[in-house]
Structure formats: C-alpha cells, structure tokens
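Contents: one structure, followed by commentary.
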Amino acid sequence: MKKDDDFMPKILTFLCNWCSYAGADLAGTSRLKYPTSIIPIRVMCSSRVDPLFILKGYLNGADGVLLTGCHPGDCHYQSGNYHTRRRFAVLKKIFENLGLEHERLRLSWISASEGQKYAKITTEFTQKIKELGKNSTGTEIFL
Amino acid sequence: MNNSSDSSEDKGVVIQVKNTQKETVNDFLKKAMEQGVFDAVLISMKVPAGDSFAYVLLTDKELLKDTFPLPPIMSVQGAKAISSITRRGKGNKKIAAIMRPCEIRATVELTKLGQIDLDNIVLISMDCFGVMPTPSFIKDPEKSLKKFEDAIRIEDDTVMRPVCRICDKSSMVAGDLHIGTRGVQKDAFFIVSNTKKGKDILDKLGLISNKNIDTWLAKVKENAKEKQKKRKQAHKDLQSSIKNLDKFLDTFSHCINCHNCMRACPICCCRVCYFDSDKMKHPSDDYLRIAKSKGSIRFLPDTTIFHIGRMVHMSLSCVSCGSCEDACPMSIPVAQLFSMTADETQGLFDYIAGKSLEEPLPLTTFIKEELSEVEDVHD
Amino acid sequence: MTKVLTINQSVEMGIREFLKFLLDKSKVKGVFTLKKLNKGGDVAYSLITRSDELKDTVPFFPLMPINAGKLLSRFTMNGATSEPVAVVLKPCELRAFIELVKLEQGFLENIMFISATCGGVYPLNMVHDGTIDKNLSQYWTAIKKEEIPPNLRPACKACTEFIPYNTDMTINLVGNKTLDSQCEIFIESKKGEELAKDKDIKKKYSEKESKKKNLDNFRGKREAEKKKIFDEITPKLTGMDGLINIFGKCIGCHGCSKVCPICYCKLCEFESSDSEYGPSHYESELRRRGAVRVPPNTLYYHLGRLSHIAISCVGCGSCEDVCPVDIPLSIIFKKIGESVQHMFEYIPGKSITEKIPLTTFKEKELTEIEK
Amino acid sequence: MNNKNSNSDILVIGAGIAGIEASLMLSKSDRKVHLIEKNSYTGGMSIKFEEVFSNMECSTCMISPKQQDLLQDKNINLIMLATVEDVKGSPGDFKVKIHKKPRYVDMDNCIGCTACFDPCPVSIKNEFEEGLSTRKAIYIPCAGALPNVPCIDTNNCLRFQGKDCQACQDACMFNAIDFNQKDEKIELNVEAIIVATGYKLFDPNNTPHYGYKKINDVYTALEFERLYASNGPTQGKIQLKNGKTPKSGAIIHCIGRDKQGYCSSVCCMYSLKFNHYLKSKIPEIQIFELYTDLCIPGKSHQKFYEKIKQTGTTLIRATDIKITQQGQKIAITHTDEKGKKRNIIVDMVILSPAIVPNTDASQLANILGITCDDLGFYKEENQNISSVVTPKPGVFIAGCSQGPKNIQETVSQANAAVGKILSASQEGING
Amino acid sequence: MDRKIGVYICECGPNIAEKIDIDKVIKAVSPLDDVSIATRYKLLCSEQGKKFLEEQIKKNGLTHLVVAACSPRDHQHTFMTICENAGINPFLFQLANIREQCAWITENKEEATNKAIRLTKAAIGRVRYHVPLEKKEIESNPDVLVIGGGIAGMEASLHLASPQRKIYLVEKTSQLGGVVTNLEKTFPDMQSCPKIIQDKIDQVTNNDNIKVYTNCEVTEILGFFGNFEGTVTQNNNEDKTTVGFNVGAVVLATGCALFDPTDDPNYGYGKFDNVITALEFEKMNLAGNIRLKNGKTPKSVAIIHCVGRDKKGYCSEICCMYSIKFVRYLQNKIPEIKISNFYTDLCLPEKSYQKFYEQSRGKKNDFIRIDSIKITNPGNKLTITHNDEQGNKKSHGVDMVILSPALEPSVDTKKLAEFTRISQDDEGFFAEEHEKLGPVTTSTEGVYIAGCAQGPKSIQNTLIQAEAVAGKILSSLIPGKKIEPEVKVAHISESFCIGCKTCLTVCSYGVITFDSTKKVCVANEVICRGCGNCVAACPSGAASLKHFTFNQLRQELKEAVL
C-alpha cells in the first residue's frame, strides 16, 4: 500500500463530442488541474460506447473506465444518452454480481460548461481507483 | 516440410533427462529462448483452478516451469491455437509450438486452408500416448491426472479416448522437430529434425544429429502396426453397428444440434458453418409440407444432413484428433465415426491428412486417370 | 375462475387424446411436441401431422433436448405458418419464444401454445448414461407432492417462473395428485377456447369451472432452492480470480451460445473478425503479460455474452446442458440475468408488448447510476 | 466590390442566437454573409445561461457547436467589435459602412493560451459576470467563450491610458498582441439586412421599492444566472455575499412590467427555472415565487411549472411588493390574492426583470431607416403579414429586437427572415 | 499497401513544449510499426506550420497523418484540410489532444509526458485502421409536398414556389384557407381575416408553380430528404384516385383541433342552449348574427377562458387574446352588452397584447379571476357559479356563454407522424427536432412542421413558422445542387444482420428501415447523423459507424491503456 503514491492509474475515459469533450477542453483552457490518469477517447455520442468497449478496456488492464456524456435531456442526438445509461447500468450490475470491482466503472454527465465538474470527478475517481489499486487484468494470463 | 518417412535422417539428437522428462523439455525450450532461437513458446499449461489445461503463448521464460507439454486432455486442439495466432498473418516473433502429432497434422491442413502462416512458427511434436476424454477428466481432475500419469508409465491406453486407443499416427513426424520418447531409456529422449528449419534450429543450438535412432524407429513402427490392427478391427465393428440407415440414425439420435463437434473441430474453420447459415433456414410451410409427407418429422430435421454434410466438408482433412467427441454433450461417438470415414475417403487419394505440406488437398487437384470405379459403366 | 377441460385419462394419455382431436378435427395441421425416437429412449422435438404418429409422443417428458423456443424461432423465422400448429412446451421455452418474437426472430400467428406448470427437467447426460428412465417414477411422485425431484438440473431446481405466461392452455402438473387418472386442461385464451369448442367434445369431455391451483408452497421451495444454489455460487464469484477459476477450463466451443435461445445472431460478435487478435495484438499482450492464453478472450466471451443476453435470459439451462466441461453457466447466467432484469422490473417473455429494456428508456430512472 | 455577385451578400447585425442561426443558414445556401457583432465574443445573451427552460438543457452545449460552425464557416465574414454607421441604397444594393474597433489581438496568431492575462496589472469588474468577478484589461468574458481570443479594453488598459505597459505583449509567445491596430472603416455592398440585435433587461434601479443595489443579496436574473453558471464567478456555487449558503429565497416576477406596459412572455418561465436552479444546488432551500399572472404559454411549459410546484415551492399571487432589509435578512411585504397584507423573510431575493429594447436600438433604427414602436422595439411592417418584415424593403428583423420572446421563437424568426430573403431572390420570382 | 504514418508534435509555443518533454514522446513513438517519421514543430496551425505539414506529407510520401497538438474542436478541420491539399484522404488523419487535456491540466512534466505518449500512441494505433472516406453527393428533387391548405401551408407554398420548384399543396377539405376562414378579425390589430385569407388563396391558385389538391389526403410517404415519394388519394367520389409524385421535402401544416367541451360536464356544453364554443361564436359573428337560440339578442355574455386547460396540461397561448377579441366583437355589434370574462391567469405574452387587453376593459366588461366554475340552467338564464379570489362562492346569470377551448392536435397527426417517421410529443403535437434550436425541423431530415400542428400559436407566429420552413428548405434543398450527406455514418452489414430491429428501435432519426424480404435492417446513409447508437445496440456486430468502427476504437483504447 505504500507504493500507492507512485501508482498512476490508467483511466479510460469516453467523452461525447458535444458536451463532455467540450467540458473536458474547458477544464484545460481554464487551467484546472486533474490527474493525468485520465485518458480521453472521443466519440460522437456516448451511445456509441458499446458496453463491450468498457469490458474490453477493463480486461485490457484499464484501472478504471469513466463514461461521460451530455446530461439526460441534452443529447445532441435526442436520446442517445438514455440508452447509454441503461446499457451502463446493465454492465455495472453484471460486474457487481460477478464480484468484479464495479467501482472501477463510472458514469458521469458532463456538460460543455462543466469544466469544473470534469476536473472534480476525474480527481475523485482517480483517488478512488488509487484506493482500489492496480487492476489485475493487466497482467493476467488466463483471461 | 518434406515427406517424413522418405527424407528424415535416420539420426537424431539424444538429450539426457535431468530430473523429469518434462523439466528437460522445458530446459531445452528455455535454452532455445535464451539463445534467441525462439522468442515465444506455445505450450500447454494448467489453468489456475487446476482443473484443466490451456494453450499459452509465453515470452516470459520463467513461466516455462509451469508448463505441461503433453497434458492429459486436449481441451483445445493445438492447430486452433496456432491459427488464432497467425490467421491474420505472421508476427515478428519466432514461436515454437509444442504439440501432439495430430495437432501438428491439423496445423498442416489448416496451413493449406490458409488459416495458418507457418513462416515464424517451429512445430515440435512429441510421441503421444493418447489423452483422456475431457468430460471424464474434469469430473475429478486430480485423480484423473494421476491415473493418466500411471497409464503412461505402464503404457496402458485403456483410460485414453477411444480414438487415441486406435491411433496409428501417434509418433508421426510431421512438424519441424520431433521429440521421440517411445522405447527410449528413461533417462534420455531423441530429438529428430524433419525439415531444414528443424535442422537449422538444432545447428543453432549446437545439437548434432548423429545418434542412431533405430530403437525408437523400431518401437514406433511396432506400435503403429499394432494400432493399425486394432484400428481396422474397431472400424469393422463400428461399420457393422451402423450398416443400415436406421442404425446410423440411431447413433445420431441423441444429437441435439448444438454443433459443438463442429466448433471443436480444428478443420472446421468456416466463420459461419454452412449448416448454420441462412441456407438451412426454411419457411415454416416447407417444414410442414415435409412433415405431412411423412406424418412426423424430428425438428429440426437437420441432424443427418449436418453430420454427413460435415463429413463431406472436412473428412479429407480429418486428423482423427477426437476433439469433436470430447465436446459432444451427448457422448455420441462422433470422433470414431468421423475418423473411420476419414480413413476411407483419404484412402481414395492415398492422402494422409497433415502428413505433408507439399501434398495438395485432394479436392483442390485431380488426376486424370482415377476413380473410374465410381463412374457408371455404359454398356 | 378458469375454464377447464377434463379428460378422464392420465395426463399423458389425455393430452395425446386432445392433440389427436386437434389433428383429426383439422383444428391444427401440425403438432409440435416431444416424441420418443427409438427404443433407446431418445426424445426429440417433432413436428407431427398425422394423428397415428402421436402414440410415441411424450409431451411432458422431463427433458429439454433443446429449447423449443429456439426451434419455434427456426420454424417461423421466415414468416408465420400459414396453417395452425399446436405446440406443447415448457414455460421457459415459451418465454424464450416470446422474447425471440420481440426480436423479430419468429411469429406468433397460427401457433397455439399448450404449456404446463413445470416441475423441471433432468440434465441431458441422463439420456446417454441411460439413467433417465429409472428416475421417471420418482419424478412424477415428487411432482404430485409438490416437491422438487432430486437430480434435476440446477437451473430447474432454482426456477421460480414455472407457471407459463401467454399460453392458450395450461396443464396442471405440479401438485396435481390425479395425474394418473385425470387430465385437466385449463383454457387461458380465446384461441384456446376456439380450439376446445366442438360438438364432439361435449360427448367426450366434461366442462367445469375450476380455480387454478395455488402453487405458493411450491414456489417457496423453489425460492429456497434458488437461494441455496445462488448462495453456493456467490462465494465463487469473487472477481477476476473467481471468474478465471470458473471459466478457465472453457474450451471455447461456444456451445452455450449455440443452444442459447436468446443468442440469435447469425454470426456471434465473439466469433467475428472483430474479436480476433492479429499478430501485433498478441505481441503487445505478450510484452505486458509475459504470456497469453490461446485462443484468447475466454472471459471476454462469457462476460460479453452476459452483457448481450442477461436482460433476456429466461434461465432455461440449455447452456449448461451442453457444456462439455461442466461450467455452472446456467446458474451464473440466471443469477446475473435476474439481477439486471430486476432493475427494470422485467421478466423476459412475460409480455409480448413490453419492450425489451435495452430498446427503450425512461427519462426519469437510474439517476443513482450517475455520480 | 463592383462585382455583381457581391449584391447577393447579406448583412446580419448581431451574433446572438438569431444572428448565428440566420448566418449559418444563409451560408448553407452559398450566400456570403457579413456578421457584425458589437462585442468581442459571439453567442449573445444566451451564453450567459447555464441551462434553458423547459428541458433544462445546458445552454453552452446547445450553442457552442453553432458557434464553432460559425467560426469555421468560410462563407461568413464575422466582424467583431463593430457597429453599423451608415446604410444607403435599396434592396439588392445596400451600401453599408461599418466601424470596426481594434481588438489589439491578432485573431490568426492568437492560439487562446491566455498567457497574457496573468501579467496584466489591471483588475476591474467583469461586466459579463455582472460585476460578480474581476477581469484584466486584456480578457475573454468567461471561460469557454468563443472565439477564444482575448481583446484589450482600452478604457482600462494602462497603455491606452498613456502609461508604459506592455506586459501582455511580452507574455505572448505568438506575436498576437498588436497595439498598432487601428479603427477600421469597412464598406460593404449587400442585398439585404437582418437585424438581430437582441435585448437588455429592465434596470431594477428604476423600481427602488425592490431594494436592488441597496440591499445585499438582492440579485437580478442575470446576476443569478452567472452565480449558478458552472463557468461563472463561483463555479456554480450559489452563495450569499457573506459566503454562506442561503436557506431561503424569493423570486419576484414581473419586475418593470407595470412601467413598460407589456408582459415579457419569458419571465415566468425563467423564474421557474431559477426555482429549479436553487433546488438542484440547495435541496432543502425554501423558495417563494411572487407573481401576478402566470404566463406560461407553449405546449411544454405548464408541465415544467407543475414539476416545479411539486418540489414544495410557495407560489404567491402578490401585489404591492416592497423589499426591505431586516437585520441580516430580507423582508418582502406584499398583498396576497385575498387582499391580505403579508410579510415573508428570506436570505436571498432574485428579481426577474422585463425584457426591454437594447440601448442603441433607436440609433440603429435611424441608420437603417426603420422605425421603433412606442415601446422601443423594432416595428414590423404589419404584424399579421410577418413579424420579420420592416417597412423598409430589404431590411428584416429577428429575435428580441422585435419584441420579447423565447429562444424557440427567436430561432423561428431567424429562419423566417432567411426564408423571406431567399424566397424573394429565387429565380423567376418577381418581388 | 504499406502504411507510412507521419507523427507531428506541435510545440504550441511554450504551451506544449514547456509542459511536455516532446523529445521523449518522439522517442517513444518513433519505433512503432508504420511510423515513418516523428518530429516536432513550433506551431503547426500557423501559416508556416501548415505549409510545413503539407510539404512533409508530400516529401515523405506519407499515407497517414497524426498530429499531437490541441483539441480537435480547435484544429481538426485545419489539419484535415492540409491532408486534402497534400493529396491524402482527410480521414486518414488523427489528432491527439495533448494541450487542453494534457499539457494544461498538470504541473508535473513527467506525468504529462507519459500521458502525451499514451495519447499519441492511441492516435497512431487508431489511424492505422482509418479508411479513406469520400464525400458523397446525392441528386435531389427541389419540389415540396405541403400537407394542409391553411394559412401556414399556403404561406410556406408561396414562399417556396418558383419555376425551379414545384409545390404540391394537399388539402383534406374542399377548400383552402383552414380555420382562418371562420374568423372575422385578427388580434391584436383587428385586421380583416377574410381579406387576408382570400389574398393568400388567390395568390396560391394563381401561382403556376403550386398545384393544389383539395379533397385529398396523403396516404403514403416513402424515401428520404431530397428524394421522397408521396402518394395522395382523392376523396371526391366512390372510386378513389391516387396521384404519386417525387419531392425533396415534406411540410406538415395540418393545423390543430379544438378541445371538445362536451368532455367536461361543468360547462353544460351540448346540454344547455346558448353555451357555445369559440369557433361557433366566430362563425356566428362572421355571419353578422349574434343571437340566442330563441333569436333574441343577448344582453349579457360570459366568456370562459382556459376550457380544457387542466385536462390538456398546457396553456394554449392564444385563448386569452381571442377571448378579449370577442369582447371587441361584442362591444362593436351590441354596444350595451354586459360581458364577463372568467379566467385563471391572463396570458398576454407579446409586446402589444397587454395594451390590447387594457384597451378592451370597460365599465361593462368584467375580468374575473376564478379557480373553478360551473354552468347550470335553473330557469331561462344560464347561471355561472364560481369561487372568487377570496374563496367565496359567487353566481352570475347570463344569456350566453362562450367557451374558449384549448387547442389540441388534429386527428391526422398520428397517421402523418407515422408516415414521415417523426415522433409526437407528450401532448400529441408533432415533435420538433429541438425545443429551442429546431422549432420547424423534425427528427426526419426533410420533414418540416409549421403552425399549430407543432403546438398552439397565433396567426402571426404561424406565419413566422411557415416562413421559417421556407427558409430551411430554401437554404438546404437548392435546385440543381446536390446534397452532401454526412460521411461518418452507420452501415449495417447485410450478411451479419439478423433483423432483430434493436438498432431500429434506438435510432432517433428514422435512418434504419427493415427490409422484410431479406429480413435485415438497412441504414439510410443519406440521413444518418452518425451518433453510433445503433452500433452499440447491435449484438451481432452487424452495424458499424464509419470513422468510429469497432476496430478503430479498440485500437485506440488498447494503446491508451497498454
């Protein structure tokens, strides 16, 4: 546990182009600080994020997966994020029931003006992941 | 790769066994990796739960100590593993694959079918004493493993799968290198090179192929002869048990169309099996019409066409590895039936699946003067 | 109060009699039910059009060679049947079919469902090891007494959805003490009523009003058994290590998806080229892990399949029946399935009009999921 | 510019939602657009809002894609810090004179790194943030404003006050700061003009009984919007001047309606939105809404009102409202529906003022040759024909410069103005 | 084909150079497969930078380009243009955002550098799987089908019709004009409606480019933006004749209906004489004959606002105003008449409305705020019982009651919504594409809505919407100009699709249709907006999204976490 300070998690972060990516950019232009653990993957809509990507990222050794999108009702494509939310809930439930660390998966709505929220969420999540430690899937042979 | 019996030298390398044979094989591989002859090894390993074995591709030499070159079961046919690695093309790593002869032979067949790229692969086979049926093994893995090891020690094949008991190619040299253990003293085994690739490797490792391998050859020949006899008898028995259609159908009547046999078969490499494709999906009225003509049909009525059809598709390349039977949840003797059929169909062309890379697949070629016996004779 | 048709014969004979009546009166043109294939005791679903072929039928034989919902989907995949067909099937099979119809994989038109309160079925391996016949009398004794017969498949022992939905007729099996002398057919729909109505029927059959048997007691036993079975598996579901222990022996035959009624894809995503590793992929994995299982993606397949089908899993247990290496798939899928279905208060196959949760949404829901 | 094609150019005045929408549509139909904006940023009033009623959509998320499109659009000549000085000519051949003030920051060279802000020694109240935060003399109004290029406020910049300061120039690595930029006169030749100059809010200083500016924690709607905005001065934290979280608040509708003599149509809705703002950040807050008539036209608006009602807000139909300081708190005396005098005590008051014509509306009307109605909004030619048409052929109006309206109606008008222009110039159509 | 990927890292002045060890990034990515050059440059978005990049692509024969610089929201467009200029497909490019989401978020150079390496590697991993995408051009038909011959439909038609653009105007009834033909005057400026509407009808009927179909209904609409096929059926006689035509856009201007007060027993409508609806009163007024059932002139009238508002759940926006207009009608025609208005809230949402209201007040006109109301008929008179503001029960006797009912969707709404694959909102009106930014567009591109079919509104606002529709069509469907659809769109593989329609149910834009002969779903790439929802929904992997394919994203995320 002593090594925790050195541990920089890898957190795969899916961002929708219209709200969350803009929000994340705003955090940057506002020079807000958050951990470099966050690795952004831009998609046009959060609904493009197939739960299998989250699974894949997790099995590939991502220490956490953060899925972000427009707030419910704000979807640039009308209702994509409502579908995202259901898909995510199902995956998370599966993780919970398999005893997998579902805390490594997180969904957050980030609007284009919420640079602050983005920085806060990513900092919190990174802290949480640090507490959980490294994801063992990164070195597992028999996946 | 050359035809094994014609061109393999009658000399081999003798390796002295330290501790166990398994460890010695591992040492050999480790050394080869250290010298950069191989970058990676594809080999069996116990799964973490200890209740089965799986192929593992490893680059970490330290892991070699946990490997299990010829495990008691064939959970995945090795050719499938090689195909998984090279189907998309060869990589940059030189890989040694340690497998049973039937797995190597399936590898050769899959190479001909474009599913494997052997460029960076070295195939190493070992004398095989058979494997246990997977379903029976996993009932009590620990006990089964002991049983298996005992059986090998006393060369008793009764615990092995039926197809293994009648396998006459269990020492067939088909890869680049072959490790011969049959009839060799306990403290040594042979390594025989079968190809230039194999010879080069031995050279690189400074191993000189100069030892006489007559004892091994004699033992192999004797074993093959004995098995051939048993094989003929088994096929004869089997044939009589299915000599008419009803009997044949009875044999497959357990079949629940799960197609596990096809999925486990190394040769069945189609992305979507013909028998799972839209071509086999008919309108309901067609099914009803057939039912009306017979009064009753089994549903789905595809069982027979699936099995016979599959034979048509793959029997010329069947290596009698037995994977299909292992995977059958209904314990149908699929492997025995398929391997019998394969002997017959391959016999038509004097073809032995997986024996040689150079020999083309029989259905991709023809000889003008052949098979006149199957033609109608016009009076 | 449900209308009941009573035939004064054993259930097995009575239902055959009724099916015969349907065929002879041309009320249906085909009957789809389990039939003995040979003396060896093999049982398979058959499509029967001539009533004399009914003699070998065993409609409520405690075996599920393959989920009939999947077969019906194959039967009607290319359009509804133009002629009526009566189908005898188990509740989970019917639910699977309803789910498949919602997914455009079949049609309900012209199909008449006869189902039963289901006591569960035996594992398939009892067929080839020849023990199923020996178990039969014990099976029916237990069923009559509203007990769970021993040696059933775990999926059946833990099944609490044993009363069929969307059926036209239901036979009371569980807790029915008069199984050997009386066949009671509960009429549950207009369609069922139409079929049972006939001049001849009055002579042969009596009609009475009867209340469907209350099976709470039996449900309680099943709930208890389910809890026991889930409790057994739960300590094994301890994350990655636990999953590798469970799924490590998977040989990748994908038989579980092949027989799963809900896995209806032409080409499974996990068998597509998208799921293959290229050489560079292997190499990068090796750099990190030092070794990698081949073929890879064992867990990805099972977890991915869970994410695809859990929402519609009817818990029929077919997957486990065909698993050559005895992975406790049916219980894992059932447990996970029920947990995700519960989120949306969804019971797959219960209603034909209710949308599958992943094809719809509510604006106000699951708000707790976002943080 | 004597090319015949230039006559198909369109001048759009005001880069708020209406102006942006109209410009993008015209560009799509291959028209060259000159978009004049008096500020240094685009988006107008709506970028000050965090969320918009009734679906509470994030305003930035909604508008920023449009702003991005605008900045990348090759057909649109965006002229910022500019005003129209003179318009001559007739439809199809307007000659327009534009006065463009210098930004002193080169749009092409600046990469938006904001390195120039820190060294600037000036600190003044940020008017975009309604004075709730400070800015430098070189500044962008708020984080995320587009274009993300600062401008120098010459009224406050030391250099322009005769001092020797070039701190910003020294900090800029991209040679983007150019003190030598000069005022520009631009002459344009256009076919038609769309006026979309927007509105301002009624100044509550004109209604002293509401206590604005005299009592702490009496806010205007715009101040409150910025207080709630996640890119605003408090990053969205709703707090009193003393830094504490309010436990109760009152929202007063119809500020200035009496004086102005019309209902501004959107104030009830945005007041209800404020209710949602407060409840979402401070769930336990007690809220009073004081209104006269509830004006919530539109198919989805009543539902929003009902939802707000369910959160436990006290809605009071009130008259004779007077706001006074009472210790640390604020007292609101009023007469309720039943004619009874009442008094409520709250921590915070938000005033919802009427929408009134922009400051320079009549001046611009003079230049354009159009007229204002008696309320000061631009007058349409004849309400029933079309509210975007002015008596002056070729000049169209869109958005709140014509009268108070919500965003939907504003966008409709922008679309309609474009429809009018494009329709009139279809081939083979006369007039 | 051998890939030659060029990786260019922008220093962005000190913005990236000082925060990230660029040389370390170069060192880390240089040995990657296919990377033929990796280098740095001071400012790639500058004119020299752009020139430099273009030359580099040409000089090094690059096939793919990766730029590590700022946010794609800033300069993706810039660099794609450079690719195009240099002769490589702009989609063979990927931008790694190492400024906004890397350099600017930390003070730790080492961490920033590590992250930059990941992001650049991810971009390289992804770009390898990029495929060239070509802009497509689709022929389109500029003609327009306008459904509804009321004022909205006519206004839109008049603005759209030209020799290059034919308009097919379909009206269900036997004459044009719609509801406005029943009105005498408009509010608030009391212009003559017959004149307004007759002018429009004349213009429409005299316009060679507008073909009017009265007594006709649309019975089918197929196709998509630029290429719709509509079928219209004539209801004239027994044997229905159908006409089909091709159009590029469809305008729904079908108006609305009035709430039927029979549904609410409190109003006594249909039960008592002299309780009439607003529309009945308009007709009576237009005929110049405001009379009671017994032929007498009413001496007192009650106008009841908000009839049906509770049931409908929305304010219909115009009822207060037209009720006040009735006050004017009555004052004009029967000067001595006593008028009582019963309202809940006065809704006067336009700059001139309040004045109109104030000027309509008078001694003989009461405006009474109520919270409940009941109409009975004990003797000869109608009695109105209501609670006043103080909660006291009050009664009034009047000769005549005019009910001002809410506006509700017309009966055809559902059918037409299905034809055009657009949705209806909770109230049953046509749902606009976006509540704020898309009031006249819909989720189906090329289908537009105008007037009260979209929601209650005044004549003035109806005309604005009709003109707005014209603006939308005129700016996007230009005669002779091809449509350039989005290129990053969904595609469904016919061979893998199992036809489960899951993708279809999640698509908001009606992009996906079901081919019932092949039993597969088909995505119309012309109207797809490229969100990718269908792709994530498809269990078979049959659906894919161009430029965001499974493999592209998988490579990106794999490299990102490796």
Side-chain angles (χ1 to χ4, degrees), chain A residues 46-47 50-61 66-69 71-73 75 79-110 117 120-121 124-125 128 132 135-143, chain C residues 230 233-250 269-270 274-275 284-285 288-293 296-300 302-304 306-308 310-311 332 335-344 357-371:
Chain A
S46 63
S47 71
D50 189 330
L52 292 185
F53 286 145
I54 300 174
L55 186 58
K56 195 106 213 163
Y58 177 80
L59 293 177
N60 270 328
L66 174 62
L67 175 54
T68 67
H71 285 261
C75 179
S79 55
N81 50 3
Y82 291 118
H83 289 286
T84 308
R85 185 169 64 188
R86 281 205 163 190
R87 290 174 193 144
F88 183 82
V90 166
L91 187 70
K92 194 157 166 101
K93 191 57 110 186
I94 292 174
F95 266 59
E96 272 172 38
N97 276 274
L98 291 175
L100 293 171
E101 297 155 305
H102 61 94
E103 300 94 333
R104 293 190 188 274
L105 312 185
R106 183 162 179 172
L107 171 69
S108 208
W109 308 127
I110 309 285
K117 182 175 177 190
K120 182 168 158 270
I121 294 279
E124 269 175 27
F125 191 42
K128 176 85 200 165
L132 290 171
N135 183 2
S136 65
T137 57
T139 50
E140 193 56 67
I141 300 172
F142 286 93
L143 287 176
Chain C
F230 281 5
I233 196 86
T234 309
K236 294 181 186 155
L237 297 173
T238 50
M240 206 39 77
D241 293 347
L243 292 179
I244 289 171
N245 279 338
I246 292 170
F247 291 108
K249 59 186 171 182
C250 171
E269 182 151 7
F270 307 105
D274 278 352
S275 294
S284 62
E285 289 294 309
R288 188 159 50 144
R289 303 178 199 268
V292 57
R293 182 196 184 118
N297 281 340
T298 307
L299 265 189
Y300 178 59
H302 288 288
L303 298 182
L306 261 175
S307 82
H308 279 176
I311 202 78
I332 295 171
K335 183 169 187 285
I336 310 299
E338 287 185 7
S339 74
V340 301
Q341 291 156 16
H342 185 72
M343 277 198 293
F344 306 104
L358 290 183
T359 64
T360 180
F361 62 86
K362 288 182 191 146
E363 289 184 9
K364 296 261 167 305
E365 63 172 6
L366 300 170
T367 43
E368 70 288 351
I369 202 103
E370 189 261 342
K371 286 184 284 183

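Side-chain atoms are counted along with the backbone in the values below, which use heavy atoms only and exclude waters and symmetry mates. A, B, ... follow the sequence lines: proteins, then strands. Residue 1 opens every chain.
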Report which part of [X] has an atom under 4.5 Å of a heavy atom belonging to chain A: side chain, backbone, both, or neither.
X: Thr238(C); result: backbone
X: Ala310(C); result: side chain
X: Phe270(C); result: side chain
X: Met240(C); result: both
X: Phe247(C); result: neither
X: His308(C); result: side chain
X: Glu269(C); result: side chain

Hey, does the side chain of Glu370(C) reach the backbone of Leu107(A) with a donor-acceptor pair shorter than 3.5 angstrom?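 Not at all, since once roles are kept as given, no pair shorter than 3.5 Å links the two residues.
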
Select one option (side chain, backbone, both, neither) describing which atoms of [X] are under 4.5 Å from chain C's heavy atoms.
X: Leu52(A); answer: both
X: Asp50(A); answer: side chain
X: Glu140(A); answer: both
X: Ser136(A); answer: side chain
X: Ile121(A); answer: side chain

In terms of heavy-atom pairs under 4.5 Å, which option from [options] contacts chain A the most?
options: Thr234(C), Ile233(C), Ile246(C), Asn297(C); answer: Asn297(C)
options: Ile244(C), Val292(C), Asp241(C), Ile332(C); answer: Ile244(C)
options: Leu358(C), Thr360(C), Thr367(C), Leu306(C); answer: Thr360(C)
options: Lys364(C), Glu363(C), His342(C), Arg293(C); answer: Glu363(C)
options: Arg288(C), Gln341(C), Glu368(C); answer: Arg288(C)

Minimal non-hydrogen separation, [X] against [Y], with atom names:
X: Tyr82(A); Y: Lys362(C); value: CD2-O, 4.0 Å
X: Ile94(A); Y: Ser307(C); value: CD1-CA, 3.5 Å
X: Leu366(C); Y: Ala89(A); value: CD1-CB, 3.9 Å

Best-contacting candidate, [options], against chain C by heavy atom pairs under 4.5 angstrom:
options: Leu143(A), Leu91(A), Leu67(A); result: Leu143(A)
options: Leu98(A), Thr137(A), Asn135(A); result: Leu98(A)
options: Asn81(A), Thr139(A), Asn60(A), Leu59(A); result: Asn60(A)

Any chance you could measure Leu299(C), atom CG, to Tyr58(A), atom OH, to the nearest 0.5 Å?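 If we round to the nearest 0.5 Å, Leu299(C):CG and Tyr58(A):OH are 9.5 Å apart.
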
Distance from Phe142(A) atom CZ to Leu243(C) atom CG, nearest 0.5 Å? 15.0 Å

All pairs passing side-chain hydrogen bond (donor to acceptor under 3.5 Å, both in side chains) where residues 87-101 of chain A contributes a residue, at least two apart: Arg87(A)-Asn533(E), Asn97(A)-Lys335(C), Asn97(A)-Ser339(C), Glu101(A)-Arg104(A)

Test the Lys56(A)-Tyr300(C) pair against the cation-pi criterion, namely NZ or CZ under 6.0 angstrom from the six-membered ring centroid and within 45° of the ring axis. yes

Using 4.0 Å as the upper bound for N to carboxylate O, is an ion pair formed by Glu365(C) and Arg86(A)? yes

Any residue meeting side chain to side chain donor-acceptor pair (under 3.5 Å) with Glu103(A), in chain and number order, not counting sequence neighbours: none

Aromatic rings His83(A) and Phe361(C): how do their planes relate, parallel, tilted or perpendicular, breaks at 30° and 60°?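 Perpendicular.
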
Would you mind reporting whether Leu237(C) and Leu100(A) have side-chain heavy atoms less than 4.5 Å apart?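 They are not in contact (no side-chain heavy atoms under 4.5 Å apart), so the answer is no.
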
